[in-house]
Amino acid sequence: MRAYLPDYHLRAPKTLSDALELLAREPGMWRAFAGGTDLMVLLEFGALKHKNFLSIRHLPELRGIEVTPEHVTLGALTSYTEIQRDADVRREFPLLCAAARETGGIAIQNRGTLGGNVVNASPAADSPPALLVYDAELELVSASGTRRVAYRDFHTGYKQMDMRPDELLRSIRLPRTTGDLHTYYRKVGTRKAQAISKICFAAGARLASDGRIRDARIGLGSVAPTVVRCARTEDVLRDQTPDEATIKAACASLVQEIVPIDDMRSTAEYRARVAANLLADFLSTLKIDGGKSDSA
Amino acid sequence: MQTEIVGKPVPRKEGRSKVTGAARYVDDLSMPGMLYGATVRSPVARGRIRAVTFGEGIPWDEFVVVTAKDIPGENAVALILLDQPYLADGFVNHAEEPVLLLAHEDKHLLERARRAVTVDIEPLPAVFTLEESLAGKEIVWGEDNVFKTYLVDKGDVDEVWAQPDLLIVEGEYSTGAQEQLYIETNGVIAVANAAEGVTVWGSMQCPYYVHKALLKLFALPPERVRVVQCETGGGFGGKEEYPSMIGGHAALLSWKAGGRPVKIIYDRAEDMVATTKRHPSLTRHRTAVTREGKLVAMDIEFVVDGGAYATLSAVVLSRGTIHAAGPYTCPNVRVRSRAVATNVPPHGAFRGFGAPQSIFALERQLDKVAGAVGLSPAEFRRRNFIREGETTATGQVIREPVDMAGLLDRAFELTDYEAKRERFARENAENNSTQKRGIGFASFMHGAGFTGSGEDYLKSIVGAEADAEGRVRVLAASTEIGQGTNTIFAQIASNALGLDYDLVEMAQPDTGNVPDSGPTVASRTCMIVGKLVESAAVGLRQTLQGAGLLTEEYTQDGWREACRQYVERYGALKSFSQYKPPPGVHWDDEKYQGDAYGAYAWAVYVAEVTVDTLTYETRVDDFVAVQEVGKVVHPILAAGQIEGGVAQAIGFTLYENVVWQDGRMINNQMTNYVMPTSADLPPIRVHFEEQPYQYGPAGGAKGIGELPMDGGAPAILNAIEQATGVRFTHVPLMPEALMRGLNENR
């Protein structure tokens with residue numbers, strides 16, 4: 001442990017409104033601490049700059065999975081294990097389940113939360129590409145009220161978010177309109193478990209009866225300062241048949257749209273090429289059957 | 001009286017205490033008044049220390065601070081040369097080099113203090129790769145950056161090149177650094193003062209190495225220094241030389257603190273960034289072969305990157321040099337090898353010790369040569385395998401029955417190699433699948449024990465003692481580090497005496513109590529030290545029989561009674577045995593000729609892979625390890641050694657990439673240094689052939705620990721060559737490099 005523990009403070013407010021009040025009173029002073037699976041790593045390295053933490057793990061308002069005819073709403077504290085166990089999520093949001101299954105090991109999956117994965121804002125996070133494909137919407141709460149933000153507009157730059165210091169992420173809402181999406185998920189991290197993504201690829205599409213692509217959605221991690229929804233490439237695909245020419249055009253667009261970097265984990269060249277390969281693979285599976293596919 | 005303890009999977013001696021958590025590792029120990037120690041390290045790779053500044057806000061008067069000036073003896077880690085200081089004195093030669101030591105009773109405040117010390121260094125030009133070192137970009141060690149050179153010269157290689165009708169094949173191969181990643185990081189506790197001398201407890205492989213180093217560091221006589229090995233969570237070579245460093249540091253702090261105990265435990269990040277790794281290597285091959293596929297000449301240049309100080313590089317180089325020509329008969333062999341200096345933390349011992357590097361190169365090269373001759377890799381090797389009565393590169397006559405072709409047959413049968421080789425070739429060509437398959441193999445040998453006259457110099461000693469109840473204790477400094485030393489030694493002694501396994505126990509390795517049985521390295525523990533255990537045990541019996549207390553044939557009760565009477569009459573019953581070379585063994589250190597090792601283990605490993613052309617990731621689907629290791633003492637532990645070694649070799653080949661930046665490892669976390677998990681490993685199918693070695697213990701055991709590290713990398717790359725058609729020459733072969741290789745070749 002490279003941290004000096006007496007420097008750190010943790011408060012555990014009794015209720016959500018107590019927590020929000022504290023955040024409103026001293027904005028920027030307190031940082032939410034949920035599963036701690038990202039923060040504890042930094043603490044261990046002595047690299048955790050923030051000193052004051054607000055434990056929110058016990059707040060019931062941030063828990064639970066709620067299903068209505070239009071939406072499935074996951075409380076911010078929903079763990080990766082809970083995601084994998086929920087029958088509705090498994091049936092309708094397989095990309096999210098695949099992401100949860102490939103995040104960390106079992107201990108991390110028990111402890112880590114979906115909300116934490118979102119607000120930690122790592123471009124290498126595993127579940128955000130799936131959330132992007134599913135058009136997730138975030139519910140942010142503060143002492144002054146509640147607001148909703150489309151997840152695709154939430155990350156504004158590296159570790160930057162459309163979120164005020166007095167706000168907490170309360171839930172992630174998924175519209176139940178994607179059950180028939182043909183989906184594809186692939187996390188590339190060299191080893192099969194306990195890996196940090198070099199590329200994380202999630203995609204979904206529908207084919208119209210004439211064989212044209214009606215609704216293409218591509219979410220990527222580790223290829224830009226934030227996780228990204230690749231709208232320009234989706235435009236290239238729209239209303240096209242997924243033939244060789246389309247695949248080529250889409251891949252060409254994708255490598256233009258993303259901005260991967262060289263770092264200690266991989267290279268920009270590798271990330272771009274593998275992202276394009278996975279897109280091509282996804283599109284070629286569309287061509288062959290067009291039914292629902294398993295996630296890789 | 002029991003029979004046949006050898007070859008039986010008896011329970012591990014320390015298994016129960018490890019499983020129940022009763023086993024005490026060094027970080028489980030605490031002593032009254034204990035302080036924690038930390039190391040302030042160099043931020044740059046090479047330079048002159050201008051100043052050390054102690055920052056604001058730290059109660060420095062509460063800290064014990066040790067610099068090079070506080071060292072009572074010599075500021076050098078005694079190993080082979082005395083070039084590596086315990087604490088940098090005016091000059092640093094690698095990033096993370098220890099500059100200053102701190103101790104305090106609050107380990108959190110200690111960490112804060114460590115960060116508050118600034119070492120101001122005037123940087124000097126540095127070299128970071130062996131290529132830069134060879135090119136003499138900067139002279140950073142001695143006169144020419146060269147720690148050590150060897151020349152193995154058999155026949156006359158230079159006469160061969162001009163001969164007609166030969167094919168000449170050249171190749172260049174390289175390997176990267178690898179972190180040992182023992183599960184328990186380096187750690188020690190020391191108590192040291194002028195009145196009582198120095199005692200160090202710790203996680204280590206070689207208590208007497210630490211002992212020797214502390215004598216020099218403190219200028220004390222041997223009896224004033226004591227080193228005790230605690231339960232140790234893995235070593236793989238990484239705790240061969242390094243404990244001398246960390247043990248010395250804790251002792252220096254304790255000495256300055258007037259004898260208060262000082263504990264230093266590295267966290268994973270420090271252990272990875274600052275301690276030793278496998279030597280990166282570069283090998284160039286030039287091979288001459290007849291059109292019928294007989295080897296005529298092998299000209300091999302082998303270079304290892306030793307890092308900033310000499311440490312064990314000379315010995316690593318030696319083993320790599322001797323193994324460079326493999327288990328083949330070739331009339332003309334020249335191996336020219338060099339260990340060179342760079343400004344990175346010293347590279348050190350790691351399972352295989354140079355052999356995995358040079359064998360990787362050879363086994364890749366031979367697949368290339370086979371292709372040039374138009375033979376299959378297997379047929380080419382069959383025509384050149386060494387046989388009994390033939391000579392190795394160093395001119396050693398193989399005097400034991402060797403059947404490499406038989407091992408190859410067995411391995412091929414177990415993997416259905418020939419059929420798969422053909423099927424994969426067809427399928428890869430025919431279908432458009434993104435998954436390409438391949439199968440490949442490597443054949444190799446590994447010498448057990450120290451090279452050449454090494455064991456002669458060591459003159460290891462093992463003791464055995466029996467108490468009045470007839471219980472036997474083995475006294476050896478050879479350590480249990482997870483590999484099973486305790487268990488096999490007890491088996492060997494119990495076998496020698498015909499006593500129950502439970503009647504034999506191991507003394508804790510403590511230089512105050514056990515003789516120097518040499519370091520726990522070099523696949524020597526079973527074959528060399530085990531033999532000494534056996535003779536020491538036999539010595540007990542002979543003593544009892546000589547005293548007329550024990551008959552030629554005896555029961556366990558008879559043994560107990562004899563011990564009772566002996567101890568009553570004469571006191572302690574002890575027996576010691578010292579190493580003597582087997583008859584007829586000759587080694588010439590000057591010419592590097594002769595019997596390099598007492599015995600070799602022989603092996604053929606087969607790997608089957610799938611290369612994913614979407615992600616450029618390689619999965620090893622199946623792995624078969626067939627080896628001849630002499631008598632197998634403990635089948636489960638032996639198989640465990642092979643499985644673990646193969647897993648480590650798979651890491652070395654496909655996953656574990658040390659990322660360097662200005663001579664410093666920057667991915668020093670297990671999240672970013674990617675070792676394979678159980679999910680990434682194939683079934684590892686282990687098969688032993690047993691050809692008893694006449695001078696081995698327990699009916700003929702040889703060495704086994706390092707062997708499984710040797711064959712994985714070339715077998716896997718040979719398989720990848722079949723899958724992709726690309727001749728890769730470097731490990732680790734990361735997906736990024738595989739991608740580049742595929743693209744360049746299309």
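Below, read A as the first sequence line, B as the second, and so on, with proteins coming before strands; counting in each chain starts at 1.
More than 12 heavy atoms of other residues, nucleotides or ligands shown are found within 6.0 angstrom of NZ on A:Lys159. Enclosure of atom CE in A:Met40 is not indicated, since only 12 or fewer non-hydrogen atoms of other residues, nucleotides or ligands lie within 6.0 angstrom. The environment of OH in A:Tyr8 is crowded: more than 12 heavy-atom neighbours from other residues, nucleotides or ligands sit within 6.0 Å.
Side-chain atoms of A:Asn110 and A:Thr81 form a donor-acceptor pair, as typed in the model, at a separation below 3.5 Å. Looking at A:Gln194 and B:Thr677, their side chains never bring a donor and an acceptor atom within 3.5 Å of each other. The closest side-chain donor-acceptor pair between B:Glu736 and A:Thr267, if any, does not fall under 3.5 angstrom.
Using a 4.5 Å cut-off between heavy atoms, B:Thr618 does not touch chain A at all. Heavy atoms closer than 4.5 Å to chain B are found nowhere in A:Ala280, neither backbone nor side chain.
Options B:Asn667, B:Thr434, B:Thr615 differ in how many heavy-atom pairs under 4.5 Å they form with chain A, and the most are formed by B:Thr615. Ranking A:Val188, A:Thr190, A:Asp7, A:Val41 against chain B, the residue ahead of the rest is A:Thr190, based on heavy-atom pairs under 4.5 Å. Interface summary for chain B: among A:Arg265, A:Arg273, A:Met1, the most heavy-atom pairs under 4.5 angstrom belong to A:Arg273. Options A:Leu5, A:Asn277, A:Asp281 differ in how many heavy-atom pairs under 4.5 Å they form with chain B, and the most are formed by A:Asn277. Ranked by heavy-atom pairs under 4.5 Å with chain A, the list B:Glu617, B:Met670, B:Lys107 is led by B:Glu617. Contacts with chain A were tallied for B:Leu110, B:Asp612, B:Asn743; B:Asn743 has the most, counting heavy-atom pairs under 4.5 Å.
A pairwise comparison of heavy atoms in A:Cys200 and A:Pro129 identifies SG-CG, 3.8 Å as the closest pair.
The interface of residues 655-662 of chain B with chain A, defined by heavy-atom distances below 4.5 Å, comprises B:Tyr655, B:Val659. For residues 267-274 of chain B, the interface with chain A (any heavy-atom pair closer than 4.5 Å) comprises B:Asp267, B:Ala269, B:Glu270, sorted by residue number.
Counting only heavy atoms from C-beta outward, the side chains of A:Ser222 and A:Lys198 never approach each other to under 4.5 Å.
A donor-acceptor contact shorter than 3.5 Å is absent between the side chain of B:Asn745 and the backbone of B:Val726.
For the pair A:Arg271 and A:Asp263, the salt-bridge criterion is met [side-chain N within less than 4.0 Å of a carboxylate O]. A salt bridge links B:Glu111 to B:Arg114: one of the charged nitrogens lies within less than 4.0 Å of a carboxylate oxygen.
To the nearest 0.5 Å, the span separating CZ on B:Arg437 from OG1 on B:Thr724 amounts to 14.0 Å.
With A:Leu54 as reference, A:Arg11 is the one residue of A:Met29, A:His9, A:Arg31, A:Arg11 to meet the side-chain contact (heavy atoms from CB on, under 4.5 Å) rule.
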